[in-house]
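Notes follow once the structure below has been shown.
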Amino acid sequence: MDTPDKETKSLNFIESIIEEDINNKKHDGRIHLRFPPEPNGYLHIGHAKSICLNFGLAQEYNGKCNLRFDDTNPVKEDVEYVDSIKEDIQWLGFQWDEGPYYASDYFDKLYEWAVKLIQEGKAYVDEQSQALISEQKGVPTRPGVESPYRNRPVEESLDLFERMKNGEFEDGTKVLRAKVDMTSPNMHMRDPIMYRILHSEHHRTGNKWNIYPMYDWAHGQSDFIEGITHSLCTLEFEIHRPLYDWFLDQIVEGSYRPRQIEFARLNLSYTVMSKRKLLQLVEEGIVNGWDDPRMPTISGLRRRGYTPESIRSFADRIGVAKRDNIIDVSLLEFSVREHLNKITTRVMGVLNPVKVIITNYPEDKSEEVELTNNPEDENSGSRMVPFGREIYIDRDDFMEDPPRKFFRMGPGREVRLKGAYIIKCEDYKKDDKGNITEIYCTYDSETKSGSGATRKVKGTLHWVSAEHAIDAEVRLYDRLFVDEEPDGHKDKDFKDFLNPESLKVLSNCKLEPYLAHAKAGDKFQFQRLGYFCVDPDSRSNKLIFNRTVPLRDSWAKKNR
Ligand code: ATP
Ligand code: MG
């Protein structure tokens, strides 16, 4: 599953278009892209695909990429979202060219152009209700019905439009519509709405405006103002393209104009990606905020322990296509495992501790054993780990009555303690509920790892010295939904498919002392258990680790 080198990889369809344009000296060979998020939620992994695509193409072709906030709907937008979006893009490793820009910077220009369209008889103020306007639009197979206001005098529309702007009319009582074609089979061309009245304070323009432009009217014109050459968007906008071009035709005089190109959005299995649904999860307290490590948001993935490199390599792997499909989330997990395997120090942590007492180890003795930090990185060196008479192992690694192929600990069986000695289980103790409370072992002093000892046993366990162990809370995450496509069911709500076991908190974990000073965001491989990352809420008196992913894909086993 290695990513092929750039040299050997064939061009995707967008790269082909761009190279052709460069070869034809279109726009003097200038390449200028943009990423246009609406600040109405946090960015998710789907946006990451679009970010990697747009900023990545700008890098590849020595072009530019703008960040433009598509802030045309003040009702749903907020500066909190603006800030998080900037942070996430930079964290992914990209930097916008200048700006950032805002569609709201262009409200004056858009208004001026709208007036021009009215003057030229290409737009009019309609005073019918939203419901009636929709009804008149009709269906694609039959022509729509023209509004009685369609051919009203230009002067009347100019006057009403200005008064709409000045706040004289109630929300929803009037709209400005483009006069395009009520018979077009493309419903977006049937006199689309350009402005609606909204008496709503905007996070940047305050109360200056009482009318706000619609997406279709704002987007292409913003692209034009910024000198964008290739305006990439997802497939659902393909049907909007004739309108995108129509609006530009009305305002553009020279030969330059941006070109809209559509690509397939990223859909990921076992999650939802609509911002509306993600907001619902946050507002209903189903998750602990936008950056909950179970969320497909960039901030959630970051808190979970994902690296920017792993998300970029994921975006590279999935590529761009012209057809919608669903990518298995295990591919995302594969990408992060692959990166963390290269960069993380191997440490030992016991999640469900049970004490082991090595009865023939001298009471007053203690020693340190040497462990390699990262076998994948020869410069990573090694560290000393304290070992003693009492240690912790994971409960799962002991069975009272183990089957033959259980290569961990059981009565009379031998295992190696990672980096230390071979020990043999001699006895164990239980409480009245039947839980194992202590295990008694003997060790073979001739078997120390690295001493040239040759005796081998099948199983090797991770462990932590009881005297030196530090306490921690560990949070194990699983998929948030149990269904591959939680929002793909007609009669069911996506929340019917929530995984009740998506979060498990283990509050009595024992870690090797090396981890005492780990800081928020630090990442490790816990031997045999997976990759873990220090949570931002972690404190020196209460360490908290998040599991990013287990070492192997456990769902592949369960479900296939
Ligand atoms: P939602 O429908 O959930 O609100 P959106 O598409 O409206 O999402 P925007 O903030 O408008 O969200 O998106 C900004 C950019 O990111 C757009 O260019 C959009 O095409 C792109 N984008 C959004 N979702 C995806 C996705 N799943 N895959 C690829 N690109 C996406
Ligand atoms: Mg959008």
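The structure displayed is predicted, hence computed values, not measured ones. Read the numbers this way: they start at 1 and go in the same order the structure lists the ligands and their atoms.
Considering CG of L92 and NE2 of H47, their distance stands at 12.0 Å, rounded to 0.5 Å.
Geometrically, ligand 1 and L266 share a nitrogen or oxygen pair separated by less than 3.5 Å. Inclusion of E236 in the set of residues having an N or O under 3.5 Å from an N or O of ligand 1 is not warranted. Taking distance alone, with nitrogen or oxygen atoms compared against 3.5 Å, R276 stays at or beyond that limit from ligand 1. Looking at R34 next to ligand 1, no N or O pair under 3.5 Å apart turns up. In terms of N/O distances under 3.5 Å, ligand 1 is approached by T234.
With ligand atoms numbered from 1 in the order given, ligand 1 contributes 3 (O) to contacts under 4.0 Å with heavy atoms of M273. Atoms of ligand 1 lying under 4.0 Å from at least one heavy atom of F35, given by number and element, are 15 (C), 16 (O). Within ligand 1, the atoms closer than 4.0 Å to a non-hydrogen atom of S274 are 3 (O), numbered from 1 in the order shown. Remark: ligand 1 atoms within the under-4.0 Å shell around heavy atoms of S50 are 16 (O), 21 (C), 30 (N). Residue contact check: P37 has heavy atoms under 4.0 Å from atoms 10 (O), 14 (C) of ligand 1. Shown in contact with P36 at under 4.0 Å from a heavy atom are these atoms of ligand 1, numbered in order with element: 14 (C), 18 (O).
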- Message: Walk me through whether Y42 and L278 qualify under side-chain contact (heavy atoms from CB on, under 4.5 Å).
- Response: CA-CA 9 Å; Y42 281 59; L278 295 176; over 6 Å; no
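Every salt bridge (Lys or Arg N to Asp or Glu O under 4.0 Å) that R177 has, sequence neighbours left out, goes to D126. Residues satisfying the salt bridge (Lys or Arg N to Asp or Glu O under 4.0 Å) test with K342, not counting sequence neighbours, are none.
Considering V549, I327, L301 as possible partners of L332, the one that fulfils the side-chain contact (heavy atoms from CB on, under 4.5 Å) test is L301. Partner of H202 under the ring pair (Phe, Tyr, Trp, His ring centres under 6.0 Å) criterion, out of W209, F107, F69: F107 alone. The side-chain contact (heavy atoms from CB on, under 4.5 Å) with P37 is formed by just one residue from the set I51, D71, L67, D70; it is L67.
There is no side-chain donor-acceptor pair under 3.5 Å between E127 and Y149.
A heavy-atom separation below 4.0 Å is not found between F237 and ligand 1. At least one heavy atom of H44 lies less than 4.0 angstrom from ligand 1.
Considering K277, K275, E38 only, the shortest heavy-atom separation from atom 8 (O) of ligand 1 involves K275.
A donor-acceptor pair is defined here as one N or O able to donate and one able to accept, closer than 3.5 Å; such a pair exists between the side chain of N186 and the backbone of I239.
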